[in-house]
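A quick note: this is a predicted structure, and the numbers were derived from the prediction, not measured.
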Amino acid sequence: MPRPDQQGPVVFELVEGDGPEMVGADGAGSPGDADPDGAPGPRMPRLPRLSRRTWLVVVATVAVVVLAVTAVDLVRDHRRADLMRTSPVGVASLAGPPERLWTLRFDVAAPRADEGFVDQQLVTMDGLLVMPPATVQSYTQDVFTGSVRVGFRDVVAVDPGSGEVAWRVPVDENPVCGPSGYDASMSVDALVCLHGPEDARSVLTIAPDGTTRSRAADLATGQQVFPGPDGMLVRVDRVARAGDTAAEVTCNDLGTCTPSFLKEGRDVRVVAEDAATGAERWTSTVEFTPVETVTCQQVVGEDGATAVDVDQVTVRPGAESVTVEGCGVAGTLSAQGVRLDRAAVATADGADAGLMSPAWVNELGRGMFGFETDSMETVVVDAEGEAVRTVDGWVRAGMWSPDAPDDLWFVTDPSDGMGFDAVREDGSVAWKDRNSQGILLVGRDVVVADGGDRVVGLDRETGEQVWVWEGDDMTEMARYRTVTDGDTVAMVHLPQDGRTGGKVVALDLRTGEEQWVTPVAGSIAAVDGSLVAISKAGLTGLG
């Protein structure tokens, strides 16, 4: 015999008649259920009574479904947070205004009365925020107050979550470290520093865990060395062709130089070597081309006379490229030694197109490089040094949310400084915007654009405006930095006069609704999913 609470099969019995009877409040038909004319009302079929065990099963099933949905949401949020940690614009969560978690003062802080802001280059290494030693360029201030080296004296790596110093590497005089970028936008596996007296420079290679290798730079006469990408040291020197002699150029107080045009000059030999071991990786030559002497670097001698340094050479390392510049020489090479700018010059029809300085090359990602020309075009070159296409305007990169598709390029119109085009990979234009001053963020579904006194959200597929935010209380402020967690976009607004008192404003990416506003003393960087504020006094962790 079954137990009293055991649920048996449910059986519905169909009975012929005019229709089902109405069930009253007491479960049976009642006079109140009849028609106004007194005819019996229709009756609904009686539902089977469920046992307590069945109700428990139903409740348990609903609970399991709710827990499963919650678990899926948690997994999705966790995966999204992990994805955001991989990007210099990604933050694990912006659900609420960040609070101060930790502070770390600089070795040398700015005088309290000074106005200005820290403009030091940064780099990330294995989730750590790494700051090279302070330089006179790392602190922007009024020219009348002199120069202050605001920052750390050593190379310092900071855990962005806790604020603890993971490691500190001392350096000698005149340190130059690289590659690095602003807003912690560059991640490297090795940081290369040159330091020491000019006649006895040393090469210091720093790994992500803070371990180092050091060796002498061994400079030959006329050689210069610079940090390079991918753990490289870049060695450059001028080499003479047969019969070449170094030209002498002098300039007067009016800036006129004699001769005014250099038809001949010396090439630059570029040697990339492993910074730690000194083993050569590749060698290339950047040829001299005729140049107006007024465009070359001028120096003032001990006698007060101004001359042109015809042998001057500088090297700027990027994450994936090396740019070489000097009087009559300009070239960009990939980290593998492939000459990239030659294809850009040939595609732009050589000097007639007025190719701008190679310092204007943009690393577009996916092995692509954009070279801007004076004719307001960008020549896109691949990692093999082949020109892919030419697009009207200048291609912008670096503001992509890591969850956003990468099937579009965003090309600004430099002629009037307004608007941009969303361009497909085949060069065709998907849509245009002519009302914005620039792009703040390319999100998964929305492109956030700077409209001057407002911020607009544009549909990424069509370019149609989906929301607008009016920044009424952001007058006399400029937008310096944008980060996102995939659902929210947060923008840093700093006063244009250089004073403290900035704000971070967070908007819902889908609707543009303001989520929160919080004060900030300086710029911010996103490192390993965490926010770090950089002010004149030091670093502050936000979370």
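- Between the side chain of E363 and the main chain of E320, a donor-acceptor pair closer than 3.5 Å is present.
- Here T540 contributes atom OG1 and L531 contributes atom CG; the two are 11.5 Å apart, rounded to the nearest 0.5 Å.
- Around CZ of R105, the count of heavy atoms belonging to other residues, nucleotides or ligands within 6.0 Å does not exceed 12.
- Using bins of under 30°, 30° to 60° and over 60° for the plane-to-plane angle, the ring pair W400/F410 lands in the tilted bin.
- Between E384 and R342, none of the side-chain N atoms (NZ, or NE/NH1/NH2) sits under 4.0 Å from a carboxylate O, so this pair counts as no salt bridge.
- Enclosure of atom CZ in R100 is not indicated, since only 12 or fewer non-hydrogen atoms of other residues, nucleotides or ligands lie within 6.0 angstrom.
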Stepwise side-chain contact (heavy atoms from CB on, under 4.5 Å) test for L122 and V130: CA-CA 6 Å; L122 314 168; V130 179; over 6 Å; no
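- No more than 12 heavy atoms of other residues, nucleotides or ligands sit less than 6.0 Å from atom CZ of R510.
- The shortest side-chain heavy-atom distance between P402 and M84 falls under the 4.5 Å cut-off.
- Within 6.0 Å of atom CG in D189, 12 or fewer heavy atoms from other residues, nucleotides or ligands are found, so the atom counts as exposed in its surroundings.
- Remark: side-chain polar atoms of D341 are paired, donor with acceptor, to backbone N or O of T332 under 3.5 angstrom.
- For W431 and F420, the distance between ring centers is under 6.0 angstrom.
- For E514, the CD atom counts as densely surrounded, since its 6.0 Å shell holds more than 12 non-hydrogen atoms of other residues, nucleotides or ligands.
- Within a 6.0 Å radius of CD in E470, other residues, nucleotides and ligands contribute more than 12 heavy atoms.
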